[in-house]
2 protein chains.
Amino acid sequence: MLKDIIDNNENYQPGLSIDCVIFGFHDNQLKVLLIKAHRADKWSLPGGFIPVDQDIDTAAITVLNGRTGVEGVFLRQFATFGKVKRNEQHFDKKTLEYLQIEEEKGKWLTRRFVTIGYYALVDFSKILPNPVNKHEIVEWIDHKEVPELILDHREILDKALDTLRVELNLMPIGYNLLSEKFTIPELQKLYETILDKKLDRRNFLRKITNIGILTKLDEKKSNVAHKAPNLYSFDKEKYDEVLKNGLNQGW
Amino acid sequence: MLKDIIDNNENYQPGLSIDCVIFGFHDNQLKVLLIKAHRADKWSLPGGFIPVDQDIDTAAITVLNGRTGVEGVFLRQFATFGKVKRNEQHFDKKTLEYLQIEEEKGKWLTRRFVTIGYYALVDFSKILPNPVNKHEIVEWIDHKEVPELILDHREILDKALDTLRVELNLMPIGYNLLSEKFTIPELQKLYETILDKKLDRRNFLRKITNIGILTKLDEKKSNVAHKAPNLYSFDKEKYDEVLKNGLNQGW
DNA sequence: TTACATTGCGTCACAATAACACATTAAAGG
DNA sequence: CCTTTAATGTGTTATTGTGACGCAATGTAA
C-alpha cells in the first residue's frame, strides 16, 4: 500500500499528508481510532497522502473511509501541522528496507512533511475497525488511555479534542456520535466525557431540550436497571439549521 | 524575489504556500492589506512559500513581516485550502517569460498548490504598507470594497472573516487592532464592523467593562465634536488571561 | 414489600440581557 | 451668549437564562 504510493509518488502531493482523528462514543467513553503496524512499537493516527488530482477534503474522506468503511459522516479540517522536525527520523533505513522501497524513492518519504489534521465523528456501533492490510492493527482506544504515539500525533490528537470542546459550545454535537435513538443521560454522558466535567442532570435536560433539536419518542429504553429513561432522536432538519447558525450568538 | 525562490526551489516545500489575511482598523472601517503586481489586473492576498527548514508558523511570520514591517502581532492559522483546481491556469507562459523563469523550473510554480491561511490583526497606525519591490502595490482596502481577487483568495478572505467573527465571541479582540489608548465608542465600532451589526451603546459598555480587561484612564479624547469620550487602555495581564481561558464557558 | 438508584419535573434566587429614559458634555451657529 | 445638536455617561425595568436544589415517579433487586 505505502510502497504503491511511493513507487508512483509523482501522483501525490510531495511533503504533504493528512491525519485523521476519528472519534467514537461507547460505554460512556470517548474513543479514538488508532492504528499500529505489527512491527512498530508506537500507535499512530490513521493518515494518508493526497493524490494530485484530489481535493484535500476528498483525500481526507478517502482516509476515513478506508479505515471505517462508513460514508457521509461528520468530517472537519481543524489545523495544519508543520514544525520542521516533526517527522525527522521517522522512516529509518531499516523500515525502508523492510518495505522494499529503494533508497532513491525513499527520499520522497523522508523529506520534511506538513500534515493537515481532520477530525471525524462517527457512530461507534456502525463501525468495525477496518484494517487496511494484515500488517496493521486498527483499534478503538479510550481517549484517556491513549498510549505513546508516533511523531507529533499526540499534539494533533490534543488539538482535535480542544477543537471539539470549543465546537461543543458553538454547535450541537451528538447526531454523529450516538445511535439514532438515545436517552438524555446518554447524551449528557457524551457531553461530560468530551468536556471532562460533571453537569447537572436537570439543567442539562432543560438546556438541551430548549435548543429544539430533540424529538421525544413514545418509547423507553428497555433492559436497564432502575427507571427506564425515555428515548429521543434528533430532528435532523432543526439540527442542521442550528448547526449552520450556531448556538450562542455572543454579541 | 519570486525568481530567486524558483531558482532555488529545492529549498522550499513544493506545492505548498502561505497566504495571510492582514486586518487593520481605520476610519471605522475594517481594512485588509492587499497587493497587486503592476502588470496584473487582479489583487491578491500577501503570500509566500515555506522554506524546508522553517516551521510553517515561522514562514507565516516572515510573510507578515515582509509586508507590514511589524513584529509580535496577533497571527493565527485558520484553515488550509486545497481544491485541485485552485491554482489552475494561474501562471501562464507569458508571466513565466516576463519573470525570466525557464520553462523547466516554471513547472515548480504551475503544479497544484495547497495553501495554508493565516490571519493577522495589526495596529493600522503603526503600519505603512511596505512594498517588497517596485513591481508591486501594497494597499489597505476596506473589506467591504475588496475588488476581484486572484484564484480562491476571495474564499480565503471570507473564511478568515468568518473565523474572526466566531473568535470575537470566544476571546477579546481589540488589543491588536486599536491604538494603545482608545474610546469605548471606537471599540464598539470595531465590533460592529466585524460583526456587521449595530449594537446598543449602553449594553455594550456594560458587557465590555464587565469582562474586566479595560482600564479607564483619567483622560478624555480631545478635538472631537460633541461630548469628549473617555479614554481607555487594555489591562494586558487580564487581557491575556481572558485570551487564554476564553469568554463564554457555554456548558 | 421494601430499599434504592435513577429518571422526570418543578422551584427559587440570582445573574445576564434587551430595551429604553434621562442627564451631561462640548462644539457649532445665530 | 444662549440655544441647538449630537454625541457620551449613567441609570431603570422587564424578561430571560442559569445554577443549585427538592421531591415525586419508576422499575430493578434484595
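Numbers restart at 1 for each chain; the letters A, B, ... are given by sequence-line order, proteins then strands.
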Partner set under ring pair (Phe, Tyr, Trp, His ring centres under 6.0 Å) for A/His26, not counting sequence neighbours
A/Phe124
Mind listing the residues from residues 196-206 of chain A sitting with a heavy atom below 4.0 Å of DNA chain C? Number order is fine.
A/Arg201, A/Arg202, A/Arg206
Who pairs with B/Glu192 by side chain to side chain contact (heavy atoms under 4.5 Å, CB included), at least two apart in sequence or on another chain?
B/Gln188, B/Lys189, B/Lys198, B/Leu199
Enumerate the side chain to side chain donor-acceptor pair (under 3.5 Å) contacts for residues 199-208 of chain B, please, sequence neighbours excluded, ordered by first and then second residue.
B/Asp200-B/Arg202, B/Asn203-B/Arg206
So which of residues 209-229 of chain B are in contact with DNA chain D, with a heavy-atom cut-off of under 4.0 Å?
B/Lys216, B/His226, B/Lys227, B/Pro229
With sequence neighbours excluded, tell me which residues meet side-chain hydrogen bond (donor to acceptor under 3.5 Å, both in side chains) with A/Ser17.
A/Thr115
Using a 4.0 Å cut-off to any heavy atom of chain A, which nucleotides of DNA chain C are the first and last in contact, reading 5' to 3'?
C/dA5 to C/dT11
Whether A/Asp57 and B/Lys83 form a salt bridge (side-chain N of Lys/Arg under 4.0 Å from carboxylate O of Asp/Glu) is what I want to check.
no
If a pair satisfies salt bridge (charged side-chain N to carboxylate O under 4.0 Å, His left out) and one of its residues is in residues 68-81 of chain B, list it, with sequence neighbours excluded.
B/Arg76-B/Glu167
Reading DNA chain D 5' to 3', which nucleotide is the first, and which the last, to come under 4.0 Å of any heavy atom in chain A?
D/dT18 to D/dT28
Those residues that, when tested against A/Lys126, pass side chain to side chain contact (heavy atoms under 4.5 Å, CB included) (two or more places apart)
A/Asp123
Can you list everything that forms a side chain to side chain contact (heavy atoms under 4.5 Å, CB included) with B/Asn169? Sequence neighbours excluded, please.
A/Trp251
Short N-O contact, B/Lys244 and B/Asp240, less than 4.0 angstrom
no
Pick the nucleotide of DNA chain D nearest each of B/Trp251 and B/Pro185; which residue has the one closer to the 5' end?
B/Pro185
Run the ring pair (Phe, Tyr, Trp, His ring centres under 6.0 Å) test against B/Phe182 and tell me which residues pass, sequence neighbours left out.
B/Phe234
Geometric cation-pi criterion, B/Lys159 with B/Phe78: 6.0 Å, 45°:
no
Salt bridge present between A/Lys31 and A/Glu145 (N-O < 4.0 angstrom):
no
